[in-house]
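Below, all heavy atoms of this structure are taken into account, side chains as well, without hydrogens, waters or symmetry copies. Just follow the structure's listing: the first ligand is 1, and inside any ligand the first atom is 1. Position 1 is the first residue of the sequence; numbering continues from there.
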Amino acid sequence: MVNTYKYQSSDNIIRLVQVTDPHLFQDEMSELLGINTQASFSQVLQEIQESTFDYDFVLATGDLVQDSSEEGYLRFCQGINKLQKKVFWIPGNHDFQPKMFEILNENQGNISPLKHLLLGDFWQVIMLDSQVFGVSYGELSQHQLDFLHSKLQAYPERYALIVLHHHIVLTNSAWLDQHNLRNIQEFKQIVTKFPNVKGILCGHIHQAVDSEWFGIKMMATPSTCIQFKADSNNFALDAVQPGWREIALYDNGFIETSVKRVQKAVFLPNMLSDGY
Ligand SMILES: Nc1ncnc2c1ncn2[C@@H]1O[C@@H]2COP(=O)(O)O[C@H]2[C@H]1O
Ligand SMILES: [Fe+2]
């Protein structure tokens, strides 16, 4: 099947690293609310390289570039390729898909355009595009819903991890929750028909969340740049450091995961910012 990436592994555990929301700019010196996003992205990548977590793949879950620039996407490719692992990606609300596809597909060394992964004998990963062009909230088009449904139906015996940019579980932050995934009901109707869906992974909310949604493990991950303050009704930043997520998929459907944060540098945003 041409559109599916297949990975044979003798190890029954599949290990992934997720990086999300780098918000890179055309100019590598540009800042988002006081943080140089290129510097924090590079620091995250460096600390991933220095870590002992022996992972197989990288998932990049959107908002790769803030200003639609070619240079931003090119620097994303240069950075992520340093990890020397296969990378799979989805767009976020800030991405400009024509540029994103052009640049990421031209730099296919390690960067794959595929959105359906069969990993080892026990897992599938389904990567969805929840972007609605020009707005911050998300929605899964009928095409995306059909894609999700068809893969779950085709491999019901495999455990599934679903990856999308937007959040499904509200964050208790009204300003941010207005930018959530809008058609959660349609998504839920599909997903809850398949008991082997074990995890949902998103970015977008620039904070770590590990919760459960209809018995499915629900994970959101810190951005590689600015962090939003949890449980804040109005826009507020948090001084916690940029981060990433490690994930291990076990052959019995169990997902082991932890969020890591930069430890060898300090990135402090302008805490008085009221948005962007
Ligand atoms: N003060 C604000 N109020 C509401 N939305 C905001 C505010 N500041 C930024 N946003 C949007 O909310 C989005 C949440 O995360 P994003 O990185 O997608 O980008 C953010 C902006 O598009
Ligand atoms: Fe973002």
**Q** Applying a 4.0 Å heavy-atom criterion (strictly less than), which segment of Ile205 is in contact with ligand 1: side chain, backbone, both, or neither?
**A**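 It is neither part, as no heavy atom is under 4.0 Å.
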**Q** Considering only non-hydrogen protein atoms, determine which one is nearest to atom 13 (C) of ligand 1 and report residue, atom name and distance to 0.1 Å.
**A**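 Atom 13 (C) of ligand 1 sits closest to the protein heavy atom His179 CD2, 3.7 Å.
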**Q** Check each heavy atom of Asp63 against ligand 1 and say whether those closer than 4.0 Å belong to the side chain, the backbone, both or neither.
**A**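 Near ligand 1, Asp63 shows its side chain, while the N, CA, C and O stay back.
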**Q** Any idea which N/O/S atom from Asp21 gets closest to the Fe ion (ligand 2)?
**A**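 Going by distance to the Fe ion (ligand 2), the closest N, O or S atom in Asp21 is OD2.
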**Q** Looking at atom 22 (O) of ligand 1, what's its closest protein heavy atom, distance included?
**A**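 Residue, atom and distance for the closest contact: Ser136 OG, 3.1 Å.
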**Q** Can Asp95 and Lys99 be counted as an ion pair, charged N to O under 4.0 angstrom?
**A**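 A salt bridge is absent here (no side-chain N lies under 4.0 Å from a carboxylate O).
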**Q** In plain terms, say whether Lys264 and Glu50 are close enough for a salt bridge, that is, a side-chain N and a carboxylate O under 4.0 Å apart.
**A**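 Glu50 and Lys264: salt-bridged.
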**Q** Is it true that Thr61 and Gln18 share a donor-acceptor pair across their side chains at a distance under 3.5 Å?
**A**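 Judged by distance alone, the side chains do pair up.
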**Q** Please give the atom name: the N, O or S atom of Asp63 nearest to the Fe ion (ligand 2).
**A**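 Result: OD2.
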**Q** Would you check if the distance from the ring center of His23 to the ring center of His94 is below 6.0 Å?
**A**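 Yes, ring centres under 6.0 Å apart.
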**Q** Considering only heavy atoms of Gln178, which atoms of ligand 1 have at least one such atom less than 4.0 Å away?
**A**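 That gives atoms 4 (C) of ligand 1.
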**Q** Geometry only, no angles: is His94 polar-contacting ligand 1 at N/O separations under 3.5 Å?
**A**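 Yes, since at least one N or O of His94 sits under 3.5 Å from an N or O of ligand 1.
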**Q** Can you pull out the closest protein heavy atom to atom 3 (N) of ligand 1? Residue, atom name and distance to 0.1 Å, please.
**A**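 Nearest protein contact, heavy atoms only, for atom 3 (N) of ligand 1 is Trp175 CE3, 3.8 Å.
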**Q** Side chains of Glu246 and Tyr55: is there a donor and an acceptor less than 3.5 Å apart?
**A**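 Their side chains do not contain a donor-acceptor pair, so the 3.5 Å distance test is not met.
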**Q** Considering only non-hydrogen protein atoms, determine which one is nearest to atom 18 (O) of ligand 1 and report residue, atom name and distance to 0.1 Å.
**A**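 Residue, atom and distance for the closest contact: Asn93 ND2, 2.6 Å.
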**Q** Tell me which one of Phe122, Phe88, Phe57 satisfies ring pair (Phe, Tyr, Trp, His ring centres under 6.0 Å) with Tyr7.
**A**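 Running ring pair (Phe, Tyr, Trp, His ring centres under 6.0 Å) over Phe122, Phe88, Phe57 with Tyr7 returns exactly one hit, Phe57.
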**Q** Which of the atoms of ligand 1 are close to His23, meaning less than 4.0 Å from one of its heavy atoms?
**A**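 Answer, ordered by atom number: 17 (O).
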**Q** Which atoms from ligand 1 have a heavy atom of Leu176 less than 4.0 Å away?
**A**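 Listed by number with element: 14 (C).
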**Q** Can you confirm whether the side chains of Asn3 and His116 place a donor and an acceptor under 3.5 Å from each other?
**A**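 No, no side-chain donor-acceptor contact under 3.5 Å.
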**Q** Taking the Fe ion (ligand 2) as the vertex, measure the angle between atom NE2 in His23 and atom NE2 in His206; round to 10°.
**A**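 So the angle at the metal works out to 90°.
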**Q** Is it true that Asn93 and His165 share a donor-acceptor pair across their side chains at a distance under 3.5 Å?
**A**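 Yes, side-chain donor-acceptor contact under 3.5 Å.
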**Q** Find all atoms of ligand 1 within a distance of less than 4.0 Å from any non-hydrogen atom belonging to Phe235, and give their numbers and elements.
**A**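 Contacts of ligand 1 toward Phe235, numbered from 1: 1 (N), 2 (C), 7 (C), 8 (N).
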**Q** Should you measure from each heavy atom of His204, which atoms of ligand 1 turn up under 4.0 Å away?
**A**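 This gives 15 (O), 18 (O) as the contact atoms.
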**Q** Could you tell me whether Phe187 and Trp213 have their ring centroids closer than 6.0 angstrom?
**A**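 Yes; Trp213 has its ring centre under 6.0 Å from that of Phe187.
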**Q** Hey, are Gln8 and Asp121 close enough side-chain-wise for a donor-acceptor pair under 3.5 Å?
**A**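 Judged by distance alone, the side chains do not pair up.
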**Q** Using a 4.0 Å cut-off to any heavy atom of His206, which atoms of ligand 1 qualify?
**A**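 What qualifies from ligand 1 is 17 (O).
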**Q** For a distance under 2.8 Å, tell me if His94 has an N/O/S atom near the Fe ion (ligand 2).
**A**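 Here the distance criterion (N, O or S atom, under 2.8 Å) is not met by His94, so no.
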**Q** Atoms of ligand 1 less than 4.0 Å from Asp274 heavy atoms?
**A**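 Selected atoms, number and element: 1 (N).
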**Q** May I ask you to list the atoms of ligand 1 that are less than 4.0 angstrom from any heavy atom of Gly275?
**A**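 Those of ligand 1 that fall under 4.0 Å from Gly275 are 1 (N), 8 (N).
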**Q** For Arg245 and Ser258, test the side chains for any donor-to-acceptor distance below 3.5 angstrom and give the result as yes or no.
**A**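 Looking only at side-chain atoms, Ser258 and Arg245 do not form any donor-acceptor pair under 3.5 Å.
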**Q** Is the distance between the ring centroids of Trp89 and Phe76 under 6.0 Å?
**A**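 No, they do not, as the ring centres are separated by 6.0 Å or more.
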**Q** Looking at non-hydrogen atoms alone, which of Tyr276, Tyr137, Phe228 comes nearest to atom 8 (N) of ligand 1?
**A**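 Result: the heavy atom closest to atom 8 (N) of ligand 1 is in Tyr276.
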